[in-house]
Each structure stands twice: as C-alpha cells, then as structure tokens.
2 protein chains.
Amino acid sequence: MKQRKKEPVRTRQAILDAAGVEFSIGGYSGSGLGSIVSRAELTKGALFHHFPDKQALAKAWIADALAPAMEKLWIAPMDVLSSLDAFRSFCRARCMELRPGDPASALVSLTAETAAAYPELGVALEVVFSDWRASIATWLERGKAAGWIHRSIQPAVEASFIISVFSGFTVTTQCRSDDSMHRTCASALDAYLETLRAQ
Amino acid sequence: MKQRKKEPVRTRQAILDAAGVEFSIGGYSGSGLGSIVSRAELTKGALFHHFPDKQALAKAWIADALAPAMEKLWIAPMDVLSSLDAFRSFCRARCMELRPGDPASALVSLTAETAAAYPELGVALEVVFSDWRASIATWLERGKAAGWIHRSIQPAVEASFIISVFSGFTVTTQCRSDDSMHRTCASALDAYLETLRAQ
DNA sequence: AAAAACATACCAACCCAAAGGTATGTTGGC
DNA sequence: GCCAACATACCTTTGGGTTGGTATGTTTTT
C-alpha cells in the first residue's frame, strides 16, 4: 500500500484547500467528496479521519479558510484607511476583483445556496458576515470621530447596507464574463460612498 | 394501470410548480427530480415527457414561472409609481417580504449557485435580471423627465446598483429567522433612495 | 356514425453511475 | 508497541435518465 508521509496538518489543509476550490465552483450540493479528495490527491479515508461528515468539512472550511481569507483581503486592510477616498479606492479594487475565486464571492454564493436548507452552515456563514459587518461599522465609527464621515450616518445600518451592496455585486456580476458589469458596479458604489462624506 | 386524466398543460404546470418549490429551498443541485415529481404527485415518466432533462426543466421554470413572477411582483407595479416616495414605499414593502419563497430571492439564490457551473442557466437567469434592471432604468428615466429624480443620475448605472442592493439583501437576510435584518435593510435602502431626489 | 389508425400523455420498473459514508486494513513515527 | 494517519474496498442510497408499455385523445377512413 502506497502510504504517504504522515503530515496531518498539511493533509487537513490540503483537503480544505481542495474543498474550497470545489465549493467555490460547484457550491455545496454540487461538490462531491470524491472530487474533493481526488483534487487533493488523497482518499476518503484521509477525509473522514479529519472530518466526521460533509457538513463538518464545510463548517471547518468556513471557519479555518474562508473566514481568514475574508479577514486578510476584506477586513484587515481597512485598518489603515484613514480617509473616505482611501476607502473608496479600496472598495473599487475589491469590486473589480469580484470573481468566483474571491472569498467574498464564495461567502455570498454559499450563503445563498445553503442558508435555507442547511441552517448549521447558515450560522457558520453568518459569523463571517458578522465580522465583516462589524469591521465596516468600526471603520465608519472612526470616520465619524475623525470627521470624514457625515454625522448623520448610523454605522451599524450603513455597514449592513455596504455589505449587502458587495453581496449583490457578487451575484449580478456572475453572469457576465467580461468586466463591464464590474465597472458599472464599481462606479455606482463609488458614487454612493461619496454621500457618506462629511460636509 | 391507474392513469390520471390527461391534462398536459396542467401536468406541466404542476411539475414547474413543484420544481419551483424545491429549487427555492434546496437550490438546483440540491433538488432531486424524485422529490420534484413526488411533490407534484406525478412520476418521472411525466416529467421526462415534458422536459428533456433537468437543465431544461430549470430553464423552463426560469422562463415560464420565475420571470412572470418577477414581472408581476417586482416590475409591473412600478408602472404606477409616479413619485420618489411611492417608489420608496414600494421598495420597503418588497424588502420586508424578502424570503426564500419570493421570486427575487429564488432568482438571486439560483444565480449565485449555478451561474459559474451551468452557464446555460446563467444566461437564462441573466435575462430575468436584465428585464428587472431595464424596468428600473425606465422608471428612473421617467422620474428624471418628470422632475422628481435628480438630473445627475445615470439611469442604467443606478438601476444596476439598485438591483444589486436587492440581490444583496436577499443574501444577507437569509441567515436570520427574525426580521431585524429586513428592517435594517429596508431603512438603509430608504435612506439611500432619498439621495436620488431632485433638489 | 362507428371503427380503425395514429399520436399524445402518462405510469411502473428498471439501469447505472455517483453520492455520502463505513469497515477494515496498513504503515509510519514517537 | 501502539496509536495516529492514512489507504482500500465496499455498502447503501440517491442521482439523473431509459425502457416499454398502457390508457386516453384525436384523426382518418368507411
């Protein structure tokens, strides 16, 4: 029996990575465990050693891969944005990159697909949304305190709105292969963000 | 053999209805043809007589059920909205009703799930989006001409944005069972729409 | 008008591949 | 030696899809 070197953490990560690719393309129901393990060049034995079942795998992926990816690409960079214009160009950049591989796109697609049928996954995904939302709310708070965000803005409500806008973009841009829709979305968001400016 | 009375159109519709329920809950990959026909109290024979395969069934449902439903609930009512305030309360109402059964919710969820993996379905869904977008753009045009929408607004861009906002709402409201998120979304959209007002 | 001929609508049973998951190994490493 | 970390083989169910037939209309013929 051809047995590979034993590297549990590496193996686990390989499975999560493969699962991520499959989930991002085919969604949850559309991704078979067979495709996942073969993509990772492993076997079901390895998979079921690390995860009790498919849903647990998905939850682990959400918590251990998707959430960190969101943190890295969409949340952490906001810490250094100290003006509305900086935020706007940040949003524009994220916007133009919205494609199936992007963590935000995966987050949204998976939520849309599974939240109704698999409440447990919905909860796990909501956690990620929640962090995202909170980070934007915090940023808005900072902006209000520093004076570059209008006083009338309610950070919590506004953050929910912005999250929804990005979520919507990931859906509406999904049908088009060219990036005309991406540009339109980026422009529209840009125009909208201008309304947050302190006068 | 127990054979029901032959009512092809009724049968076809029953299958489409059942498919709609299943798709709205479990998505495309998550819905089996078995569940669909059993829900319709029919058999696979009936299904495959009316539709060549699963994808064709989905496409037929999109064109013959989803699109009309969108037209009826989200598009046609806009014809009689002759002020920004009327539009705002219309949007608020649609917003509060955003749940898995709503056509917009199904449209968004299915798009998020299938657009990447099943381009043909993506095209069919894009058609629905396109009509929706066009109707809002037209409404904005009317508003500009009549003077209750600000001159600087670009109807096409703005329409895309509004569609995205609704799409995003269907996703972000999906995890929560209570309607707190619905209210937040409705309020945020309401505040946003105010910025379209002619001064 | 009735019967024969044809076409449509549907059912029951089956097929095979793939699904998620289990049981039973081996093997590397402390 | 022993247990964690894998591999192999298999099991059961469900997936989409087919097959062959039968009941029901509809049309044609006489």
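Everything quoted here is computed from the prediction, not taken from an experiment. Throughout, a chain's letter reflects where its sequence line sits, starting with A, and its residues are numbered from 1.
In this structure, B/Glu22 places its CD atom 10 Å from P of D/dG15, rounding to the nearest Å. Between the P atom of C/dA18 and the CD1 atom of A/Ile36 lies a distance of 16 Å, rounded to the nearest Å. Between the P atom of C/dG28 and the CZ atom of A/Arg10 lies a distance of 17 Å, rounded to the nearest Å. A straight line from CD of B/Glu41 to P of C/dA9 spans 21 Å, rounded to a whole angstrom. The distance from atom CG of A/Leu42 to atom P of D/dC6 is 7 Å, rounded to the nearest whole Å. Between the CG atom of B/Leu33 and the P atom of D/dG16 there is a distance of 4 Å, given to the nearest Å. Atom CG of A/Leu47 is separated from atom P of C/dA19 by 13 Å (rounded to the nearest Å). Across the protein-nucleic acid pair, B/Gln55 atom CD and D/dG17 atom C1' stand 14 Å apart, rounded to whole Å.
Applying the 3.5 Å distance criterion, the base of D/dG17 shares no donor-acceptor pair with the side chain of B/Lys54. For a distance-only test at 3.5 Å, the side chain of A/Lys44 fails to qualify as a donor-acceptor partner of the base of C/dT22.
Taking the centre and axis of the six-membered ring of A/Tyr28, the NZ or CZ atom of A/Lys54 falls inside the cone set by 45° and 6.0 Å.
A/Ser31 comes within 4.0 angstrom of sugar-phosphate atoms only, judged by non-hydrogen atoms across all strands, and of no base. Nucleic acid contact class of A/Gly45 (heavy atoms, under 4.0 Å, all strands): base.
Taking SG of B/Cys185 as the start and NE2 of B/His182 as the end, the distance is 7.5 Å to the nearest 0.5 Å.
The side-chain contact (heavy atoms from CB on, under 4.5 Å) with A/Gln13 is formed by just one residue from the set A/Ile15, A/Thr11, A/Asp17; it is A/Asp17.
Residue A/His49 has no polar side-chain atom (N or O) positioned under 4.0 Å from OP1 or OP2 of D/dC6. Regarding contacts with the backbone of D/dC6, a side-chain N or O of A/His50 is found under 4.0 angstrom from either OP1 or OP2.
Across its full length, the helix from C/dA1-D/dT30 to C/dC30-D/dG1 shows an angle of 10° between the axes of its 5 terminal pairs at either end, rounded to 10 degrees.
Of all heavy-atom pairs between A/Met78 and A/Ile136, the closest is CE-CA, 3.8 Å.
Between B/Trp148 and B/Asp85, the side chains place no donor N or O within less than 3.5 Å of an acceptor N or O (distance only, hydrogens not considered).
Taking only side-chain atoms of B/Ser35, from C-beta outward, the nucleotide of D/dG15, C/dT22, C/dC10 with the closest atom is D/dG15. Relative to the side chain of B/Ala46, the nucleotides C/dT22, D/dG17, C/dC10 differ in distance, and C/dC10 lies closest. Of the candidates C/dT27, C/dA12, D/dT18, C/dA12 carries the atom nearest the B/Thr43 side chain, counting heavy atoms from C-beta on.
For A/Glu71, the CD atom sits in a packed shell: over 12 heavy atoms of surrounding residues, nucleotides or ligands are nearer than 6.0 Å.
A salt bridge does not link B/Glu141 to B/Lys144: none of the charged side-chain nitrogens sits closer than 4.0 Å to a carboxylate oxygen.
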